[in-house]
Amino acid sequence: MVSYAGRGVHGGVVESLGSRVVGGEVAVGATLDPRTLVDSMGVSLTVIREALKVLAGKGLVASRQKRGTFVRPRTEWNVLDADVIRWRIQGGEADAVLRDLAEMRSIVEPAAVRRAAERRTEQQLSDLEAALDRMARAGDDAAEAVAADSDFHHALLVASGNEMLAMLHDLMAPALRARDSIVHGEHGCADDPVPSHRAVLDAIRDGDAARSGAAMADLLAKADRDLDLAVRGQARAVSGQG
């Protein structure tokens, strides 16, 4: 999924219009007149039309004859799109986004690792081990910690042997990055993530489906606690108490 943040004039228009729609500044059902947007944003009609096509691809707007381009109902938005997730978080919906992510993971990942314990290949075990090694070496490098964690969880879904489950990682990745940037950020205080991830990998390596699922449930519970601590740290910093 391509993010349009910081992608020149075209990206700037996508960013402005998208954040206004997702943030509720432009209401559901409201019409977006391209020529009016040309005047208000100071860009060409071509740029406006191309930006509206991008927003249509994200499910935010649609065009109909005699009606023009209008904002679609929220139920039709692509809520797994990287930009939509970012605009929701910037618009004050971080709690809702991260709650939905946590619920999705609690449903998907324990079941996926149980399948991985039964189906994993030696190469997939090696991929999991490599991601875990990177996680251990990341130290205070937040970007590397986030990347290694993402690779580990992607490898878990791949090891399930189910191509549809493997693709879910790409859908969850934008929200996962947002979550991890909070946990590994300035106010995060999570402890060493390696042992909880190691427990999952060891159970998969042993072919123990029940233990794998339980270890993943424990890991996700720890992830929820880490996020809660990070969010509280942010709140204390904002209030001047941190």
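Nothing here was measured: the structure is a model prediction, and the numbers come from that model.
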Is there side-chain contact between [X] and [Y], with at least one heavy-atom pair below 4.5 Å?
| X | Y | result |
| --- | --- | --- |
| Val22 | Gln90 | no |
| Glu15 | Arg86 | yes |
| Leu201 | Leu125 | yes |
| Leu176 | Leu101 | yes |
| Gln123 | Leu128 | no |

Does [X] use its side chain to pair, donor to acceptor, with the backbone of [Y] at less than 3.5 Å?
| X | Y | result |
| --- | --- | --- |
| Arg120 | Ile204 | yes |
| Trp77 | Arg72 | yes |
| Asp206 | Asp208 | no |
| Arg137 | Leu132 | no |
| Ser40 | Leu37 | yes |
| Arg119 | Ser160 | yes |
| Glu103 | Asp100 | no |

Suppose we screen for ring-ring contact (aromatic ring centres under 6.0 Å, His included). Which residues come up paired with His153, at least two apart in sequence or across chains?
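His153 satisfies ring-ring contact (aromatic ring centres under 6.0 Å, His included) with His197 once adjacent residues are dropped.
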Met41 atom CE, over 12 foreign heavy atoms within 6.0 Å
yes
